[in-house]
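Throughout, numbering of the chain's residues begins at 1 and tracks the sequence.
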Amino acid sequence: MSKSLGQNWRAEIRPELAGQLNTRARWWPGILLPFQRHRRDVERIRNLSYGPDPRFHRLDIY
């Protein structure tokens, strides 16, 4: 982050939000939970057609 945003990027975050920063990456979910579980409160609409050819132009909306 510091390489992209500069060395003082943390100082520019609002104080009420800075306390919520997670400074350590969580490595264990990818190993212990390799299969993604979907959130129940998010609805997925699949295969919406768009563009000139509906067979090839499809998208999913979450």
Side-chain angles (χ1 to χ4, degrees):
M1 294 274 287
S2 295
K3 185 177 180 180
S4 297
L5 300 177
Q7 293 296 324
N8 281 341
W9 68 271
R10 286 183 190 270
E12 297 187 24
I13 297 175
R14 294 191 325 226
E16 63 271 14
L17 298 177
Q20 299 175 10
L21 285 177
N22 184 2
T23 57
R24 295 181 51 138
R26 293 181 7 187
W27 58 268
W28 59 268
I31 293 174
L32 299 178
L33 304 168
F35 303 104
Q36 182 182 24
R37 293 194 176 135
H38 299 287
R39 291 178 45 172
R40 293 176 191 240
D41 62 331
V42 176
E43 179 182 356
R44 179 179 181 184
I45 302 171
R46 296 180 181 203
N47 296 325
L48 288 174
S49 297
Y50 73 96
D53 190 348
R55 293 177 298 159
F56 298 108
H57 295 95
R58 297 186 175 270
L59 59 93
D60 293 353
I61 296 180
Y62 293 84

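- Sparse packing is recorded around CZ of Arg46, with 12 or fewer heavy atoms of other residues, nucleotides or ligands lying under 6.0 Å away.
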Could you go through residues 4-20 and list every donor-acceptor pair under 3.5 Å that involves a side-chain atom there, pairing it with any protein atom two or more places apart or in another chain?
from, atom 1, to, atom 2, distance (Å)
Trp9, NE1, Ser2, OG, 3.2
Arg14, NE, Glu16, OE2, 2.9

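- Considering all non-hydrogen atoms of both residues, Arg58 and Tyr50 come closest at N-CE2, 3.5 Å.
- By the 4.5 Å heavy-atom criterion applied to side chains, Asp60 and Leu48 are not counted as neighbours.
- The heavy-atom pair separating Pro52 from His57 by the smallest distance is CD-CE1, 3.9 Å.
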